[in-house]
S.K.: 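Please read through the structure below; I'll follow up with questions.
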Amino acid sequence: DVNAFICQFVLSGRSDKLRSIASAIGIKLALQFNSSDRNRLFKSLIDSGMQKIGSLGQESKDFTDVLKLFIEGFGLDLDLHHAASSFSQAFKKQMTSLNCYCEKNCSPNSDESDISRLHFDLSDCEYCHKEQLWTRLTSQDKISSDDASDMKFLSQQMRPYQRGRLETSTASTCFSEFSSYYQLKFRVALSQVHINISDPRGRLAKTISVYFTPRQVSSGSSSDEDNVNILKSDSYSRFWQKCGTINLSRGATEASLELKHPVVAANLKITFEDFYERNNNVKSNSDGPVLYCPRCTRQVTNAHGVCGHCGEVAFQCRKCRHINYDRLDAFLCVECGYCTSGGFHFELTAGIAVNAVTIVDEEQFQTSMALLRVANKRKTDTTKKLTALLQKHRNQDDELNELSLYGPHLKRALTGSLPKSFVDDKPEVSTSSKPIRSSTSTNRSRLLSLARSLRQDGDSLGGSRGEFLRQALLGSSGPGGGDDYMDDALLNALGGGSGSSSDPLSRLVANIRSGDGEDAAEKVEKKAKLSPAEECRRIYMQKREAERESWELNRRIDSWNRLNSDTLAAKMCNHGGTYMTTDCSVCCSKVAYKNLSLLHAVFQTNISQSEHSVSSELVKLLLQESADLDPALKDLKRQVIITVASKSESASGLVLNELKLRLRAIQDRTSAQILGELVQMDFKGVDKFIELAVSVLEG
């Protein structure tokens, strides 16, 4: 079915190259048809394809090019009456939407800090999900890697590469004797793997291999532990793909692996493949690994692994006390992953990718449906949140703009601001409070030093000396010096009060440090606050990510349904070519241009079959121009006006009346330029345009 082939690979193709190749194949197949079959194919393409052109955005250009080639190549054999009506309806809807948008021409990526000047597209455009999302993200976020410009972005990637700890992206883990398995919270586009080794000792790793799998795992159980244990099962071993190897020098503390081609990973396996030989001067137990007692840390030479000093079993894990009787020379603990040869910490340079994967069974289909519901809910929630936030701040800006009509004194009264004299006194107050805060920090350090010295001397805090110290510190604290820490806990620590702690000095140190922790927490909270514009951008990107996730999941689910129904393309409801507009700022004018180019091709090919689609509404939209309109679209609109006026007598009358109205009412410059070109042409009815031009000049 050629119609299904063109709709699936030209209209909905994943890449530009695929759509271009499929277009050429579709045209060659159409050449083999007779006139009736070719006309039926052209009509079915319009009815099924025009419904999706708006939502696809600029990705629909290959499909519209195919329709234009049909018109230009087989126009004399085609019935263009239905095509002209469909194209005219599509252009009028899209142009009406574009005229409404032209008043809002600000981009969400602009550097404007004023939220009232920002405009965010809330339309659902598939082209922007895949292309524009990355452009907007990379223009705002900074990649921590030095060679970020050399990194390759993947088609399934939604966020730029960032370096972070592996534990933060891990949902659950499990371990074997020489491997660590990580089930990630979400799929990531992996570019680099970094390793940091703390205190390397004993068996030194030489080679570490990194494996990945791109699909999430599920055991049919809701338990994360059951799902992650599948990763180390023998039946799952065939799915692991090796993406690189990390080679370590002897005693190295850090190393990195840079992938030549980034991969999308849902699970990771890190395997310690090879180790360096032990030094000959270290005595080992029966040529096995060097054992150290987990309690007294002495070397164990007993054949059964029992420490001769304290009697502890050296084969047990120092962290969880587990003993692996099946593999006593295991490098990792199979229960907690602890390693006796040092601490291994991994970091990833990765970006979040979509969670949509190819559906191969009913279980994966149900999982995809659940993910789709989550993505749709997230898209709805972020849209509502962004709309409410924009409305809130823009209402505030409108209220402030209205206050500009009043004087400064009345404005302060309406907003509840302080008088100017009070505002000027604020720096003096804050300046005078700085020495007090500095004195507080100095006294706090002095108290810590005193407490530590008393602990080292072993002296008691009670008695006459404790009373003397208490009085001395209270006297030296100064005004305001006891605001934070001269409380009951401090007095009990110095004077042996009725504190519940057996170690008053420890309580004193903890109390002082807790004050520092509160100050640090306040600083972090203040720093984490975003401006309204930045908060809107953040929510906007989350909305775009949810839309992209939903779009990818819908594609997989649709493919699975078509596979089960044994059809190449999904069945589309025939609504007579009903067109759905796009409000996307990036694609709106491009789609309008493509729709008008199709209508222009129909007018040029056979005006007798298409002149019925020329209405007064269409002529008004063609003559209406705004300052922000795309120049290419402006030129094409003028060409269409000239074409219909010179080729159709009925359309010529509509154009003449609209030009006469605009020239006499508002002296429209665009209409004057079009009239100037028409009077220079030779066609039936040109005399009326010449008369209009003369009357305008005389008037």
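Counting from 1, the numbers follow the sequence of the chain as shown.
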S.K.: Between Lys52 and Ser12, is there a side-chain donor-acceptor contact under 3.5 Å, judged purely by atom types and distance?
M.R.: yes

S.K.: Determine whether more than 12 heavy atoms belonging to other residues, nucleotides or ligands lie under 6.0 Å from atom CD of Glu254.
M.R.: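 12 or below, so no.
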
S.K.: In terms of side-chain geometry, is the basic nitrogen of Glu552 or Arg556 positioned less than 4.0 Å from the acidic oxygen of its partner?
M.R.: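 Here Glu552 pairs with Arg556 in a salt bridge, since their nearest N and O are under 4.0 Å apart.
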
S.K.: Is it the case that the side chain of Asn355 and the backbone of Arg187 share a donor-acceptor pair, with hydrogens and angles ignored and the cut-off at 3.5 Å?
M.R.: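 Judged by distance alone, yes, a pair lies under 3.5 Å.
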
S.K.: If you draw a 6.0 Å radius around NZ in Lys590, do more than 12 non-hydrogen atoms from other residues or ligands fall strictly inside?
M.R.: no

S.K.: Do Arg562 and Ser559 have side-chain atoms, one donor and one acceptor, less than 3.5 Å apart?
M.R.: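 Yes, a side-chain donor-acceptor pair sits under 3.5 Å.
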
S.K.: Looking only at heavy atoms, what is the nearest atom pair of Tyr161 and Gly351, with distance?
M.R.: CD2-N, 3.8 Å

S.K.: For the backbone of Lys17 and the side chain of Ser20, can you confirm whether one donor and one acceptor N or O come within less than 3.5 Å of each other?
M.R.: no

S.K.: I'd like to know whether NZ of Lys232 has more than 12 heavy-atom contacts from other residues, nucleotides or ligands below 6.0 angstrom.
M.R.: yes

S.K.: Here's a test for you: under side chain to side chain donor-acceptor pair (under 3.5 Å), which of Gln192, Arg163, His194 qualifies with Glu347?
M.R.: Arg163

S.K.: With sequence neighbours left out, what residues match Phe346 under ring pair (Phe, Tyr, Trp, His ring centres under 6.0 Å)?
M.R.: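 By the ring pair (Phe, Tyr, Trp, His ring centres under 6.0 Å) rule, Phe346 matches no residue at all.
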
S.K.: Step by step, work out the side-chain contact (heavy atoms from CB on, under 4.5 Å) result for Lys68 and Thr64.
M.R.: CA-CA 6 Å; Lys68 190 173 182 180; Thr64 54; over 6 Å; no

S.K.: Give me the atom names and distance for the closest heavy-atom approach of Ala330 to Phe178.
M.R.: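 Closest pair (atom of Ala330, atom of Phe178, distance): CA-CZ, 4.4 Å.
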
S.K.: Is Lys385 paired with Asp381 through a side-chain N to carboxylate O contact shorter than 4.0 Å?
M.R.: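 Looking at Lys385 together with Asp381, the answer is no, because their closest N to O distance does not fall below 4.0 Å.
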
S.K.: Does the side chain of Asn267 pick up a donor-acceptor pair with the side chain of Thr213 at under 3.5 Å?
M.R.: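 Per modelled atom types, Asn267 and Thr213 side chains form a pair under 3.5 Å.
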
S.K.: Run Val193 and Leu259 through side-chain contact (heavy atoms from CB on, under 4.5 Å) and show every step you take.
M.R.: CA-CA 8 Å; Val193 180; Leu259 306 182; 5.6 Å; no

S.K.: Are Arg548 and Glu545 ion-paired here, with the side-chain N under 4.0 Å from a carboxylate O?
M.R.: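 Salt bridge absent between Arg548 and Glu545.
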
S.K.: I'd like to know if Asp65 pairs up with Lys61 as an ion pair, taking the criterion as any Lys NZ or Arg NE/NH1/NH2 lying under 4.0 Å from an Asp or Glu carboxylate oxygen.
M.R.: no

S.K.: How close do Val210 and Ile246 get, counting heavy atoms only, and between which atoms?
M.R.: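 Shortest heavy-atom contact: CG2-CD1, 4.4 Å.
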
S.K.: Quick one: which of Asn229, Leu184, Val228 gives a side chain to side chain contact (heavy atoms under 4.5 Å, CB included) with Ser172?
M.R.: Val228

S.K.: On a heavy-atom basis, which atom in Ser48 and which in Asn3 lie closest, and how many Å separate them?
M.R.: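 The pair with the smallest heavy-atom distance is OG-OD1, 3.7 Å.
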
S.K.: Should we count NZ of Lys242 as having more than 12 external heavy atoms under 6.0 Å?
M.R.: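 Above 12, so yes.
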
S.K.: For residues Gln542 and Thr382, is any side-chain donor paired with an opposing acceptor at under 3.5 Å?
M.R.: no

S.K.: Would you call Arg537 and Glu534 a salt bridge, taking side-chain N to carboxylate O under 4.0 Å as the test?
M.R.: no

S.K.: Does Ser550 reach the main-chain N or O of Glu547 with its side chain, forming a donor-acceptor pair under 3.5 Å?
M.R.: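 Between the backbone of Glu547 and the side chain of Ser550 there is no qualifying donor-acceptor contact (under 3.5 Å).
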
S.K.: Please identify each residue that fulfils ring pair (Phe, Tyr, Trp, His ring centres under 6.0 Å) with Phe272, with sequence neighbours left out.
M.R.: Phe331, Phe344

S.K.: So, for Leu633 and Ser589, which heavy atoms are closest and what is the spacing to 0.1 Å?
M.R.: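 Looks like CD2-O, 4.3 Å.
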
S.K.: On a heavy-atom basis, which atom in Val264 and which in Ala353 lie closest, and how many Å separate them?
M.R.: CG1-CB, 4.2 Å

S.K.: Between Lys269 and Tyr211, is NZ or CZ placed under 6.0 angstrom from the six-membered ring centre and within 45° of the ring axis?
M.R.: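 Flagged: Lys269 positioned over aromatic ring of Tyr211.
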
S.K.: Judged by atom type as modelled, is there a donor-acceptor pair below 3.5 Å linking the side chain of Trp240 to the main-chain atoms of Leu231?
M.R.: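 Yes: the side chain of Trp240 pairs with the backbone of Leu231.
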
S.K.: For the pair Ser97 and Thr581, evaluate side-chain hydrogen bond (donor to acceptor under 3.5 Å, both in side chains) and give the outcome as yes or no after the intermediate values.
M.R.: CA-CA 7 Å; Ser97 176; Thr581 63; 4.5 Å; no

S.K.: Only counting residues at least two apart or in another chain, list the ones meeting side-chain contact (heavy atoms from CB on, under 4.5 Å) with Lys384.
M.R.: Thr380

S.K.: Would Phe5 and Phe9 count as a close aromatic pair, with their ring centres under 6.0 Å?
M.R.: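 Phe5 vs Phe9: aromatic centres under 6.0 Å.
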
S.K.: Has Thr367 got a side-chain atom pairing as donor or acceptor with Glu363's backbone, closer than 3.5 angstrom?
M.R.: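 Yes.
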
